[in-house]
Amino acid sequence: MNATPDASRKIALVTGAGTGIGKAAALALAADGWTLALTGRRREPLEALAGEIGAAAQVLPADVSDKASIDALFAEIAARFGRLDLLFNNAGGWSPGAPIEDVSFDDWQRVVNVNLTGVFLCSQAAIRLMKAQTPKGGRIINNGSISAHAPRPLTAPYTATKHAVSGLTKQVALEGRAHNIACGQIDIGNADTDMAAKMKTGILQANGQIMVEPVFDPVHAGRAVAYMASLPLDANVLTMTVMASAAPFVGRG
């Protein structure tokens with residue numbers, strides 16, 4: 001039996017919430033008064049984050065690449081909260097660096113399943129819930145990447161999926177108009193998370209050199225997500241890039 005929605009609460013689901021950008025976004029949203037459903041494959045970091053946030057956070061482990069897991073997750077959200085106002089599609093994965101011709105099918109499939117299929121499955125389930133709830137509507141924010149604009153060497157699965165997320169963001173933004181659902185994308189470059197550890201010691205550049213790259217505190221990316229989420233549904237940030245100011249993205253170094 002579904003819960004009776006509490007109109008005074010804003011309900012947000014953050015995927016990949018236990019670490020990195022997901023954690024930073026969850027903390028920023030909690031500070032802005034959101035009630036949070038925290039999801040990811042590992043319960044332990046989610047429980048630790050919920051302990052930091054307090055009663056406004058609930059832990060709902062799930063695997064975004066598994067349809068049955070996502071169906072169960074959204075059924076639980078409907079049962080516990082009665083509605084969903086925000087989905088932050090943050091969960092993502094990487095694969096070992098390799099030339100395109102040497103990328104294993106398993107690595108390709110794993111990255112596609114998490115970075116693209118997971119975004120699709122969560123968006124699909126969120127749209128269904130947002131269309132059916134009263135009042136109707138909500139917001140979806142996708143975590144893209146600077147790799148949605150320009151590739152790094154030896155990262156074909158990651159780059160391809162992040163470009164695809166950009167197209168999916170626009171598709172959801174277009175179709176969501178009819179249902180008061182806004183959709184935008186945040187493209188983050190060089191946030192100081194576990195995923196960016198190599199940047200601080202030296203990472204391969206397009207010219208074949210190894211270069212240390214600057215990073216920035218992920219708290220700023222979290223605040224950017226919270227800003228996007230704070231807008232009324234008649235306004236939308238379609239794309240936002242948050243990056244280390246001196247990162248080798250704009251220009252040639």
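Nothing fancy with the numbering, it's 1 onward along the sequence.
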Worksheet item: Is it true that a side-chain atom of Thr39 and a backbone atom of Leu60 form a donor plus acceptor pair closer than 3.5 Å?
Response: yes

Fill in: Val215/Lys200 under side chain to side chain contact (heavy atoms under 4.5 Å, CB included): CA gap, chis, key distance, verdict
CA-CA 7 Å; Val215 295; Lys200 295 187 288 185; 4.0 Å; yes

Fill in: Transitive ILVMFWY side-chain link Ile141 to Leu87, under 4.5 Å
no

Fill in: Spacing of Leu174 atom CG and Ile181 atom CD1 [to the nearest 0.5 Å]
12.5 Å

Worksheet item: Does Gly144 offer a backbone N or O that forms a donor-acceptor pair with the side chain of Asn142 under 3.5 Å?
Response: no

Worksheet item: Closest approach of Ala244 and Phe216, non-hydrogen atoms and distance?
Response: N-CD2, 3.4 Å

Discussion item. Tell me if a side-chain donor or acceptor on Asp85 pairs with a main-chain N or O of Ile11 at a distance below 3.5 Å.
Written reply: yes

Discussion item. Do Tyr227 and Val225 land in one hydrophobic cluster if side-chain heavy atoms of ILVMFWY residues count as linked below 4.5 Å?
Written reply: yes

Worksheet item: Going hydrophobic residue to hydrophobic residue with side-chain gaps under 4.5 angstrom, can you get from Val165 over to Ile186?
Response: no

Item to complete: Begin with the C-alpha distance, continue with both residues' side-chain angles, and end with the deciding distance and a verdict on side chain to side chain contact (heavy atoms under 4.5 Å, CB included) for Thr193 and Thr19.
Response: CA-CA 8 Å; Thr193 65; Thr19 60; over 6 Å; no

Worksheet item: CG/Leu13 to CD1/Ile77 distance, rounded to the nearest 0.5 angstrom?
Response: 4.0 Å

Fill in: With Asn115, the side chain to side chain donor-acceptor pair (under 3.5 Å) member among Thr161, Asn89, Asn143
Thr161

Worksheet item: Looking only at heavy atoms, which two atoms of Ala196 and Ala191 are closest? And how far apart?
Response: CB-O, 3.1 Å

Response to the item:
Tightest non-hydrogen contact, residues Pro157 and Ser95, listed as CG-OG, 3.7 Å

Practice prompt. Look at the side chain of Asn90 and the backbone N and O of Thr15, then say whether any donor-acceptor pair between them is shorter than 3.5 Å.
Written response: yes

Worksheet entry | Point-to-point distance, once rounded to the nearest 0.5 Å, from OG of Ser145 to NZ of Lys162 | 6.0 Å

Worksheet item: Taking the side chain as C-beta and beyond, is there a heavy-atom pair between Trp94 and Val111 under 4.5 Å?
Response: no

Worksheet item: Can you find a heavy atom in the side chain of Arg43 that is under 4.5 Å from one in the side chain of Val59?
Response: yes

Fill in: side chain to side chain contact (heavy atoms under 4.5 Å, CB included) between Met243 and Ile146, worked out
CA-CA 8 Å; Met243 57 181 279; Ile146 282 182; 3.8 Å; yes

Worksheet entry | Short side-chain to backbone donor-acceptor contact, His179 and Met130, under 3.5 Å | no

Discussion item. As a quick check of understanding, evaluate side chain to side chain contact (heavy atoms under 4.5 Å, CB included) for Met240 and Gln185, giving each step before the final call.
Written reply: CA-CA 6 Å; Met240 177 190 289; Gln185 180 166 318; over 6 Å; no

Worksheet item: Above 12 or not: heavy atoms from other molecules or residues under 6.0 Å from CG of Asp194?
Response: no

Worksheet item: Quick one: do Arg152 and Glu213 make a salt bridge, cutoff under 4.0 Å?
Response: yes

Discussion item. I'd like to check Leu121 versus Val64 (side-chain heavy atoms, cut-off strictly below 4.5 Å). Are they in contact?
Written reply: no

Discussion item. Using a 6.0 Å cut-off, check whether atom CD1 of Ile100 has over 12 heavy atoms from anything other than its own residue.
Written reply: no

Worksheet, complete the sentence: d(Leu73 CG, Cys122 SG) to nearest 0.5 Å is 6.5 Å

Worksheet entry | Contact check, side chains of Met211 and Met199, non-hydrogen atoms, under 4.5 Å | no

Worksheet item: Within the distance-only criterion (no hydrogens, no angle test), does the side chain of Thr155 pair as donor or acceptor with the backbone N or O of Tyr158 below 3.5 angstrom?
Response: no

Worksheet item: Should Gln109 and Asp107 be marked as a side chain to side chain donor-acceptor pair (under 3.5 Å) after you check the CA-CA gap, both sets of side-chain angles, and the distance that decides it?
Response: CA-CA 6 Å; Gln109 195 70 66; Asp107 282 341; over 6 Å; no

Worksheet item: Quick one: does Glu175's side chain have a donor or acceptor within less than 3.5 Å of a partner on Ala173's backbone?
Response: no

Worksheet entry | Cationic N near anionic O, under 4.0 Å, Arg223 to Asp32 | yes

Worksheet entry | Smallest separation among heavy atoms of Ala148 and Ser166, with atom names | CB-OG, 3.5 Å

Worksheet entry | Salt bridge flag under 4.0 Å for residues Arg110 and Asp106 | no

Discussion item. Are the side chains of Leu168 and Lys170 in contact, using a 4.5 Å heavy-atom criterion?
Written reply: no

Worksheet item: With the 4.5 Å side-chain cut-off for hydrophobic clustering, are Ile53 and Ile21 part of the same group?
Response: yes

Discussion item. Membership question, hydrophobic clusters at under 4.5 Å side-chain separation (ILVMFWY): are Val237 and Ile140 in the same one?
Written reply: no

Worksheet item: Between Ala26 and Leu38, which heavy-atom pair has the shortest distance, and what is it?
Response: CB-CD2, 3.9 Å

Practice prompt. Indicate whether the side chain of Asp63 and that of Ser69 have a donor and an acceptor atom separated by less than 3.5 Å.
Written response: no

Worksheet item: Roughly how far apart are Gln124 CD and Phe74 CZ, rounded to 0.5 Å?
Response: 10.0 Å

Discussion item. Would you say that Ser65 contacts Val114 through its side chain, given a criterion of any heavy-atom pair below 4.5 Å between the two side chains?
Written reply: yes

Practice prompt. May I ask you to decide if Gly138's main-chain N or O and Arg83's side chain share a donor-acceptor pair within less than 3.5 Å?
Written response: no

Worksheet item: Could you give the distance from CE (Met228) to CG (Leu29), rounded to the nearest 0.5 Å?
Response: 11.0 Å

Practice prompt. Might you point out which heavy atoms bring Leu84 and Ala126 nearest each other, and give the distance in Å?
Written response: CD2-CB, 4.1 Å

Discussion item. Whether the side chain of Arg139 engages the backbone of Leu231 through a donor-acceptor N/O pair (distance < 3.5 Å, no angle test) should be reported.
Written reply: yes

Worksheet item: Does any N or O in the side chain of Asn180 come within less than 3.5 Å of the main-chain N or O of Gly137, such that one atom is a donor and the other an acceptor?
Response: no

Discussion item. A side-chain contact here means heavy atoms from C-beta on lying under 4.5 Å apart; do Asp217 and Asp192 qualify?
Written reply: no

